[in-house]
2 protein chains.
Amino acid sequence: MHATPALATPSNATAVAPFQRRDDLGIEQLREHVVVARRRVAAGQFVHRVGQPFHSLFLVGFGCLKTCELADDGREQVTGFHMRGDLLGVESIGLPHYACDVIALEDSEVWELPYPPMLTACLRVPALQERLTAALAAQIRRDRQWMLTLGTLGAESRVAAFLLDLAERHAQIGLDPHRFVLRMCRVDMANYLAIKHETVSRVLSHLAATGLVDVRRRDVTILDPVALRRVASSESSVH
Amino acid sequence: MHATPALATPSNATAVAPFQRRDDLGIEQLREHVVVARRRVAAGQFVHRVGQPFHSLFLVGFGCLKTCELADDGREQVTGFHMRGDLLGVESIGLPHYACDVIALEDSEVWELPYPPMLTACLRVPALQERLTAALAAQIRRDRQWMLTLGTLGAESRVAAFLLDLAERHAQIGLDPHRFVLRMCRVDMANYLAIKHETVSRVLSHLAATGLVDVRRRDVTILDPVALRRVASSESSVH
DNA sequence: CGTGACCTTGATGAGCGTCAAACCTGGTGG
DNA sequence: CCACCAGGTTTGACGCTCATCAAGGTCACG
């Protein structure tokens with residue numbers, strides 16, 4: 001259900017993370033073969049936009065970003081939020097141009113992985129190749145899991161599932177899974193959840209009223225993970 | 001928006017297809033390196049089930065199949081329908097077991113591509129590797145495009161978009177894009193569209209009443225593609 | 001201290017889900 | 001060959017969930 005795969009964990013974080021994500025690549029190994037440039041991205045700035053020439057994948061160093069899918073007629077859909085260790089740009093592999101927007105929600109850092117060099121590195125290091133392919137497959141599974149959530153659950157369950165997903169990902173990068181800050185505004189969250197932002201507000205208020213969480217604007221504390229998990233998997237109106 | 005990528009077009013179809021799908025791999029090239037076994041699958045039978053040991057990818061020779069994502073609590077979500085030239089099983093790469101079910105909707109044939117041999121073939125043939133990766137990336141894009149449709153459009157638009165997608169895919173494999181048979185029942189279609197089957201029925205009846213399509217149970221004729229496209233991209237209640 | 005972005009809450013209603021009944025249509029067996 | 005049956009499909013009536021519209025509150029920042 002995660003929005004993006006962790007291709008690798010930035011080296012300064014390996015000691016902190018309680019466990020590595022399965023689709024971890026190993027950034028140290030990668031750096032032996034590819035020149036990795038760090039790039040700062042201010043809040044609101046694009047890492048890449050749809051239509052720009054595809055040249056690199058990006059690994060999130062720190063911060064938080066969102067991926068945005070666009071339609072010709074102006075509709076847009078947030079398809080993922082990304083944090084440290086997540087790999088960006090994989091969906092554009094094989095295309096001349098990036099297929100979506102990636103925008104920083106706060107000041108962030110991404111590590112630029114030039115793609116042609118990565119390809120040649122993959123030729124020399126089969127393990128690298130396998131891990132990149134595995135990372136792509138893992139991304140498909142996450143998207144599918146999210147489709148399952150959106151397709152089968154109602155508004156309240158979606159919000160609960162979202163909070164639990166954030167909690168899990170925070171745990172994976174060594175942060176407190178039960179107390180964190182939402183880096184995205186309600187509108188982005190609502191778009192991702194395919195509901196309206198007013199509904200998100202109401203659901204959060206309700207979850208707080210029933211004692212499952214504490215919410216003060218963007219500060220979230222999960223008080224009853226078990227009950228929250230129950231909410232996140234109970235079928236909704238859309239039976 | 002297609003449900004599955006075409007890794008290759010079966011050789012007996014290359015002459016028929018008006019154009020090759022971009023993520024085409026070239027089955028002839030592949031057969032030089034991997035033993036490809038044909039397998040018949042009767043309607044209702046599984047190509048693979050969640051939990052079975054992962055060993056192969058599958059290329060659809062003919063017929064129609066669906067992919068089904070399962071949750072622990074029994075919820076399930078159809079995440080794609082597949083026809084000739086589509087590649088199955090990619091989402092399970094890197095796992096010990098298949099991550100989803102694939103079920104034949106009618107008597108079908110799949111070509112079994114044993115995965116370990118494919119990996120070694122990829123090592124010797126870089127072009128093959130690149131195309132497999134590209135096929136995975138294309139799958140991610142299709143899933144994302146569908147997430148955009150589900151997240152931003154109402155019931156009527158979703159059905160219209162679905163019919164247009166089927167039309168396009170039929171064109172790609174050399175079938176009539178404006179006159180075809182729905183191989184799935186209303187329930188499967190509705191599940192994929194994240195609405196109820198009664199709603200699908202009603203929408204189809206309404207599209208027929210306004211002269212955009214003709215629908216007789218599973219036989220569909222698209223009468224006004226332009227108007228249908230307009231319906232498929234007009235934002236819904238979910239503004 | 002104003003100003004704008006973001007968040008919350010309420011009232012109302014549209015869209016679609018739910019429940020129920022009737023209608024095919026293809027397959028089975030008498 | 002026809003009667004029957006089961007699964008799939010259509011249609012209607014009703015109600016719930018969530019979108020819409022509107023107003024007010026909170027906070028960061030110039």
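Note on naming: letters A, B, ... go to the chains in the order of the sequence lines (proteins, then strands), and numbering restarts at 1 for each one.
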No-H, no-angle donor-acceptor pair, Glu198(B) side chain to dC19(C) base, under 3.5 Å: yes
Which whole-number value in Å describes the distance from [X] [atom1] to [N] [atom2]?
{"X": "Asp219(A)", "N": "dC27(D)", "atom1": "CG", "atom2": "C1'", "value": "12 Å"}
{"X": "Arg186(B)", "N": "dC16(C)", "atom1": "CZ", "atom2": "P", "value": "17 Å"}
{"X": "Met184(A)", "N": "dC7(C)", "atom1": "CE", "atom2": "C1'", "value": "15 Å"}
{"X": "Leu150(A)", "N": "dC18(D)", "atom1": "CG", "atom2": "P", "value": "13 Å"}
{"X": "His206(B)", "N": "dT11(D)", "atom1": "NE2", "atom2": "P", "value": "12 Å"}
{"X": "Leu207(A)", "N": "dT9(C)", "atom1": "CG", "atom2": "P", "value": "13 Å"}
{"X": "Asn191(B)", "N": "dG8(D)", "atom1": "CG", "atom2": "P", "value": "14 Å"}
{"X": "Leu193(B)", "N": "dG15(C)", "atom1": "CG", "atom2": "P", "value": "18 Å"}

Arg218(A) atom CZ, over 12 foreign heavy atoms within 6.0 Å: yes
More than 12 heavy atoms from other groups under 6.0 Å of CZ on Arg179(B): no
I want to verify a distance call: between [options], whose nearest atom is closest to the [X] side chain?
{"X": "Arg218(A)", "options": "dT8(C), dC6(C), dT9(D)", "answer": "dC6(C)"}
{"X": "Ser205(A)", "options": "dC7(C), dG8(D), dT9(C)", "answer": "dT9(C)"}
{"X": "Lys196(A)", "options": "dT9(D), dA19(D), dT8(C)", "answer": "dA19(D)"}

Sugar-phosphate, base or nothing in reach of Arg202(B), heavy atoms under 4.0 Å: base
Touch class at under 4.0 angstrom, heavy-atom based, for Arg217(A) against every strand present: base
Min side-chain heavy-atom separation Phe54(A)-Leu95(A) under 4.5 Å: no
Contact check, side chains of Arg141(B) and Ser92(A), non-hydrogen atoms, under 4.5 Å: no
Pair Asp219(A) + Arg217(A), salt bridge at N-O below 4.0 Å: no
5' precedence on DNA chain D between His197(A) and Thr199(B) (nearest-nucleotide basis): Thr199(B)
